[in-house]
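Because the structure is a prediction, the values reported are computed rather than measured. So that the names make sense, note that chain A is the first sequence line, chain B the second, and so on, each numbered from 1.
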Amino acid sequence: MLSAVREKWKTLVEEQLALYAKSVMGIEEPLAPLAVQIPPKPELGDIAFPLFAYAKVLRSAPPLLAQQLKTQIEKLDDRPSGDLLVAGPYLNVRIDIASLATSLSEVVGRERERYGTNATLSDKRVMIEFSCPNTNKPLHLGHMRNDSLGESVAAILKANGAMVRKVNLINNRGVHICKSMLAYQKFGNHETPDSTGIKGDHLVGNYYVKFAAWAKEDPTAEEQAQEMLRKWEAGDPETIALWELMNGWTLDGLAQSYAKMGISFDAYYYESQTYRYGKDEILKGLENGVFYRQEDGSVWVDLESIKLDKKVLLRKDGTSLYMTQDVGTAIMRHKDWPFDSLIYVVASEQQYHFKVLFHVLGLLGYEWAKDLHHLSYGMVNLPEGKMKSREGTVVDADELVDTLTSLARAEIKEKEREELVDDVEKTSQSIALGALNYYLLQVTPTKDMIFNPKESISFNGNTGPYLQYMGARISSMLRKYEAEYAEVAKLGFDSSLLTLFDERELIKQIALYPEVVAKAGAEYDPSLLCTYLYDLSKLFSRWYHDNPVLKAATPALVRSRIELASMVLQVLKNAFSLIGVPFLASM
RNA sequence: GCGCUCGUAGCUCAGCUGGAUAGAGCGCCGGACUUCGAAUCCGUAGGUCGAAGGUUCGAAUCCUUCCGGGCGCACCA
């Protein structure tokens, strides 16, 4: 919306600049492209064209040039509505806000929940892998950043028109799983989630911790775990049975956590099924000469061409490695669902792995290797430093959600809103989720972030609940409007009545939304939406605080301000759905 | 040691990919509810943008060096 207005002006100014260059200076060559910016202060206008770049070529000081262009353009009969102003070396435009508001109201009214979406990626098939938990312990804070990002980026890509397939790869084999199993065999006394009332993933996690304690005392523990892995790989019925039992518990627990956190997948892959894949592919590469075999029989790739060292791809006994398996899994996925791109949401510590993986797939001749993308996100640390499982500082996901939920519940109670809220429990959970997702997504994904437990449970300031609160207030006002202002509702929307400074800013911000969705999609960056939403909410909040809506001076003004508030609400709803913040009509 | 990455207010983060006086939240201090929801709003204080050079009309942003954090550099996943 806003970009269309900007483009119109840009084209015009560029044309006039070229005209000036030709008629005054006799310059026919194309000039440098015109930069378009947003003035630092709204008083300076809505669009800015810096003219520094033309000073030399046109032999004119930028402020003078700005003045000349202004005069020149103002002579045109069919220029877009809006005003030009010269601010030093900038030629600025104050757009015609009433006409923008009118078309905005049409578009938002027509598109509703689709307002802001675009077709940039239409017909593109995008697969996105995220979460990928181990089955030996419950989810923690690190997973939550991963899950929030995965869900959000998936939603954002859909809003950009893509067909999205969310996939999860369950890490359900390996020596770490055997450790939990072994500890359970030794100390478990046949207890179960049912018998103890402990959620399955937590129960299994407890045994993983017990193993660590035991291994400190008994130096043979690690060895025994390795032995169990061998039995598992050999298909020993007793080991397999225990593995199935305990994996079932964990997966049950994880499913509950996912449900509570609003996370879902279109397909699950299990490492126990994929870990043998990739071997044939590596051997094919060996035949084609892109890999080589060492004397001991292991297969390697030389990564000198991408300035890395050598990397082993198959052990001397012919068994797979992490890399081998990921090669196989990628190929299998492309067969399952031929994608135009595949995004791996994985922590930044694995950058090296993905660099190698993509390169190896390229060497194997898969031309889609260039369509693979590692969405690398930073670590989540605590104010005291890194989370360490040994020191018990790992933040458990279920616990965190529960804490936030009960805090939200307490807040509802304290404000005596229990009767006014549909479902206190559900609302509390939605507030908790909104707080958490917003907290985790507001930081640029690639950066490390610090999770401050105290701050994360705050519902004031730049938080998810703050945004939800704006939605609830507007909803509340609209309910009243629909019930008591039937006569006003018959009036038409008169955008010329929205003349306040904050109203201008709100209209512009609403019009900006589609661009933010596009950018967030292009950069896989939900934090852009967070920043945008906070700006919008803050603007709205100030405007709403300072200006009566339902009690505005005239019915026509009531009608116009209601229109503005409704548009804000629509954008809030639409954007919330892209960052995992549940919309609440009351809270 | 090599590679990647980050360093902006006391703390947590923005800063539109090189432009105008570097912005928010939290915290501190001080204001605003007989009026549409105070989970709100308004104001004060707080900065040599890690340091030094360089490129440029113009640098938090690009280049070089240095300092300081984080993460990698497994026949673990």
*Under 3.5 Å for both distances, Watson-Crick or G-U wobble, that's the pair rule; now give the dot-bracket for RNA chain B, with | marking pairs to another strand and [ ] for crossing ones.*
(((((((..((((.....[...))))..((((.......))))......(((((..]....))))))))))))....

*Contact under 4.0 Å: A/Ser541 side-chain N or O vs B/rC41 OP1/OP2*: yes

*Does A/Arg473 make a side-chain N or O approach to OP1 or OP2 of B/rA38 shorter than 4.0 Å?*
yes

_So, does A/Tyr469 get its side chain near the phosphate of B/rA39, meaning an N or O under 4.0 Å from OP1 or OP2?_
yes

*Contact class for A/Lys316 vs. all strands (heavy atom < 4.0 Å): base, sugar-phosphate, or nothing?*
base

*Going by distance alone, is a donor N or O of one side chain under 3.5 Å from an acceptor N or O of the other, for A/Ser458 and A/Asn460?*
no

_What's A/Val549 touching, base or sugar-phosphate or nothing? Going by heavy atoms closer than 4.0 Å._
base

_So A/Glu411, base contact, sugar-phosphate only, or nothing? Heavy-atom distance under 4.0 Å._
base

*Mark up nucleotides 25-31 of chain B, 5' to 3', with B wherever a protein heavy atom is under 4.0 angstrom from a base atom, S wherever such an atom reaches only the sugar-phosphate, and - elsewhere.*
SS-----

*Nucleotide B/rG72, atom P - distance to NE2 of A/His374 in whole Å*: 12 Å

*Using a 4.0 Å heavy-atom cut-off across all strands, classify A/Pro383 as base, sugar-phosphate, or nothing.*
nothing

*Side chain of A/Asp448, base of B/rC71: donor and acceptor closer than 3.5 Å?*
no

